[in-house]
Each structure stands twice: as structure tokens, then as C-alpha cells.
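See below for the structure under consideration.
These values consider heavy atoms only, across backbone and side chains, with no hydrogens, waters or symmetry-generated copies. Counting convention: from 1, in listed order, for ligands and their atoms alike.
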Amino acid sequence: MNNYQKALEERKQQHLLRTLPLPPEGIDFYTNDYLGLAQSQSLSLAIEDECRNAPKLNGATGSRLLGGNSEYAEQVEQEIAEFHQAESALIYSSGYMANLGLISSLATKETTFICDELIHASLIDGVRLGHAKKIRFKHNDLEDFTDKLKKAEGQIIVLVESVYSMDGDICPLKEVADLCHKNESLLIVDEAHAFGVYGEDGEGLVQNLGLQDRVFARIMTFGKAPGIHGAAVVGPKWLKDYQINFSRSMIFSTAPSNHHFASIAAMYSHISKCVPDRNELKENVEYFVQKRKESNGQWIDSESQIQSLIVPGNKEVIDLAEKLKEVGINALPIRRPSVAEGKERIRFCLHSYNTKEEIDLLFKEL
Ligand SMILES: Cc1ncc(COP(=O)(O)O)c(C=O)c1O
């Protein structure tokens with residue numbers, strides 16, 4: 001057995017082995033399709049329409065810098081920038097690629113990143129690829145954040161998520177933005193789990209709070225509530241120019257196809273119309289929060305569509321997920337190393353299309 005096979009074997013023994021499951025039948029408390037847009041017939045038709053109108057080219061033929069650019073791509077990015085009240089937008093093939101490219105390009109020797117300890121792996125990997133210093137602060141802890149901000153040197157960049165992907169809780173964005181402003185630091189907000197869900201038009205939490213002029217850059221990912229895939233970095237005009245020059249995941253990769261740009265354009269036209277879906281989701285979240293407050297479990301305090309029940313131990317959390325599956329409830333066990341030891345949990349993702357009966361059944365089974 002070679003070392004790689006041994007690593008696999010170790011994972012198996014520790015109940016950590018990852019496999020690729022096929023989508024299960026039953027109640028959906030696990031996907032990121034918060035508004036049901038991945039399954040939406042009307043979005044599907046809008047994408048088909050937009051594809052028919054888009055310039056005909058099956059693939060981009062190269063990187064955006066080598067023939068893969070087009071007036072169509074630039075027009076879609078202009079629309080995204082306007083939607084998010086930013087000067088510019090740059091599209092990537094995924095949120096992971098956006099974070100990797102953006103963050104690593106900014107990670108020069110003179111930079112210090114101050115990161116919430118729970119930021120997503122894609123942001124962490126971006127920091128790792130660069131030459132910057134990194135300081136972590138306790139999750140959502142403004143006192144610790146202020147302390148770390150005072151100690152940091154050079155060009156300081158703060159990395160947070162508006163809605164945290166594992167805990168589902170919300171960053172105190174206003175306070176963080178004020179402190180960054182006072183300290184002349186740049187604030188980057190990953191809006192992966194807020195885009196589509198927060199704001200009258202689903203613009204995300206930053207705009208919903210009117211903070212767009214205080215935030216340096218936002219990462220809007222398209223694979224969660226928007227129901228498709230891809231991402232855009234929105235921010236000042238010079239940041240787009242900078243990424244075109246220094247973001248390696250963008251420079252050294254084939255550009256998205258026109259089909260992809262078309263699906264993004266159609267999604268942006270569609271998402272502002274999803275007010276009823278956003279309201280249904282909000283009602284389900286309120287109902288769920290009320291039920292969890294009446295229950296005994298060790299719940300993480302979250303007011304968003306991500307709700308987590310702590311079940312310490314990899315085996316224990318898998319057993320509970322299996323037990324739920326037997327009655328048709330699908331929810332993901334989140335194990336070490338995705339979360340810290342003792343913080344293993346079942347993560348329940350709520351959707352506009354969940355019913356009160358489904359939520360009642362879940363709490364009956366827990
Ligand atoms: C907070 C956060 N940022 C970025 C990403 C990566 O986005 P994508 O799935 O589009 O690669 C994710 C995905 O899980 C995420 O949760």
C-alpha cells in the first residue's frame with residue numbers, strides 16, 4: 001500500500017472517507033438551491049431564450065486575454081456591475097476560482113489579511129497561494145477583530161462572509177465596515193450565501209444594508225440561491241484591471257462560453273423577480289427558528305437559511321444523518337476536518353419549497 005492509499009484507508013477508519021453520492025429521493029434539507037431556481041422551469045426557458053440571442057460560439061476559444069473576450073461578455077459584466085451598484089464586475093467560472101484568483105493576486109509581501117476564523121476554504125487557499133501575512137480573529141468577535149486590526153501592518157485587507165456557510169450566522173457588517181474605514185483597511189465580503197436571499201431584488205446583504213460604498217470588493221457566487229454556476233467579483237474599476245493583470249485563475253484558464261454568459265444574464269434578469277420565493281424562504285426560516293428554540297438540541301444561533309445542530313463526533317453525526325434518511329429526510333453531516341473537532345454537525349439548508357409539515361417531521365425525528 002503506498003502513502004496515498006494509506007491516507008485513504010486512514011480516512012475510512014476515522015469515518016472521514018468522502019464519496020460522490022447520487023442525489024437522494026426525499027425531503028431536501030441539504031442543497032444550496034435556496035429559492036428553487038436550479039429546478040425552475042421559467043429560469044430554464046429564460047436561459048434558452050438568452051442562449052438563442054447570444055452570439056453563436058460553442059466555446060470561448062481561449063482565456064479572456066487570448067481571444068476569449070467578447071462584447072457580449074463585457075455587456076453581461078456591465079449589467080452585473082449596475083445590479084450591484086459597483087463600478088465593475090469580472091466573471092469567473094466558479095466562486096472557488098474567483099476567490100483563489102482575487103485573493104492570491106492581492107496577497108503581496110506588503111499585505112496583511114485579517115480573516116474571520118470561519119471563512120471558506122476558497123478564501124483560505126487564495127491567501128495560501130500568495131506571499132501575504134495572515135491573522136485570524138475569533139468568529140464574529142468585534143473585540144478580537146479590533147485588537148487584531150490594531151496590531152496589523154502594511155496594506156490590511158479584511159476577509160469575511162456575509163452569511164457563514166457552516167454556522168449560518170451573519171457578520172456584523174456595519175461595525176466591521178466602520179472599523180475598516182477608520183483604519184483605512186480594505187474590506188472584502190464573500191456573499192455566496194446571501195446573494196439571491198437578502199435584499200428586495202436579492203442583491204445580497206451588503207447592498208441590503210446600504211454598505212456597498214464601504215466595501216472594497218464582493219464575491220457574488222451563482223451556484224447557490226441563483227441556481228446556476230459561476231461567480232463575479234464586483235468592486236472598483238481599477239480592481240477589474242488589476243485582476244486582468246494579476247489574477248492567475250482568470251488569466252491562465254479558458255473563458256466561460258457564451259452559453260454560460262447567457263445563463264448568467266438570464267439569471268440576473270430573473271432573480272429580482274423572485275420576491276415570493278424570498279418571502280416563502282423567510283417564512284420557513286422563521287418557523288424553523290421557532291421550532292429549534294423550543295427543542296433541546298445544541299443548535300448554533302442563526303437567523304439565516306442555514307441552521308446547524310451540533311452532534312459531536314464523526315460517527316455520531318453520520319449515524320444521526322442515516323437515521324433521518326430512513327424517514328426520507330436528507331441533511332448533510334458535516335465532519336472533521338471541514339469543521340473543528342467537537343463541532344461536527346448536521347447542517348440543515350432551508351428552501352422556499354420546504355413545507356411546514358416537512359419541518360414538523362424533522363423536529364419529531366430529532
Ligand atoms: C462562502 C463560500 N464562498 C465560495 C464558495 C465557492 O463557490 P463555488 O461553489 O461557486 O465554487 C462557497 C461554496 O461552497 C462558499 O460557501
* With backbone taken as N, CA, C and O and side chain as the heavy atoms from C-beta onward, which portion of M97 lies under 4.0 Å from ligand 1: side chain, backbone, both, or neither? -> neither

* Mark up the atoms of ligand 1 that fall under 4.0 Å of a heavy atom belonging to S165, in ascending order. => 16 (O)

* Of the side chain and backbone of N99, name the one, both, or neither that has a heavy atom under 4.0 Å from an atom of ligand 1. => side chain

* Structure fact -> protein heavy-atom neighbour closest to atom 5 (C) of ligand 1 works out as H120 CE1, 3.5 Å

* Asked: Among protein heavy atoms, which lies nearest atom 3 (N) of ligand 1, and at what distance?
  -> D190 OD2, 2.6 Å

* Asked: For K174, does the NZ atom have more than 12 heavy-atom neighbours from other residues, nucleotides or ligands under 6.0 Å away?
  -> no

* Please could you name the atoms of ligand 1 that A192 approaches to less than 4.0 Å, counting only its heavy atoms? => 1 (C), 2 (C), 3 (N), 15 (C)

* Looking at atom 13 (C) of ligand 1, what's its closest protein heavy atom, distance included? -> K224 NZ, 2.7 Å

* Report, in ascending order of atom number, the atoms of ligand 1 lying under 4.0 Å from any heavy atom of E161. => 1 (C)

* Y268 vs F222 aromatic rings, parallel, tilted or perpendicular, using cut-offs 30° and 60°? -> perpendicular

* Pick out which of E365, E358, E357 makes a side-chain contact (heavy atoms from CB on, under 4.5 Å) with L361. => E365

* Asked: For G101, does its backbone N or O pair with a side-chain atom of S105 as donor and acceptor, under 3.5 Å?
  -> yes

* Search all heavy atoms of S304 against all heavy atoms of Y198 and return the closest pair with its distance. => CB-OH, 3.5 Å

* Who's the nearest protein heavy-atom neighbour of atom 16 (O) of ligand 1, and how far? -> H193 NE2, 2.8 Å

* To do: Measure from the side-chain N and O atoms of R64 to the backbone N and O of A73, and report whether any donor-acceptor pair falls under 3.5 Å.
  => no

* Is a donor on one side and an acceptor on the other found under 3.5 Å between the side chain of S88 and the backbone of G235? -> yes

* If we only count N/O pairs under 3.5 Å, is T221 in contact with ligand 1? -> no

* Asked: atom 6 (C) of ligand 1: which protein heavy atom is closest, and how many Å away?
  -> Y96 N, 3.5 Å

* To do: Pick, from G95, S93, S94, the option with the minimum heavy-atom distance to atom 7 (O) of ligand 1.
  => G95

* To do: State whether Y287 and K356 meet the cation-pi test: NZ (Lys) or CZ (Arg) under 6.0 Å from the six-membered ring centroid, and within 45° of the perpendicular axis.
  => yes

* Asked: Can you find a non-hydrogen atom of S122 under 4.0 Å from ligand 1?
  -> yes

* Grab the two heavy atoms, one from I103 and one from G126, that are nearest each other, plus how far apart they are. => CG2-C, 3.7 Å

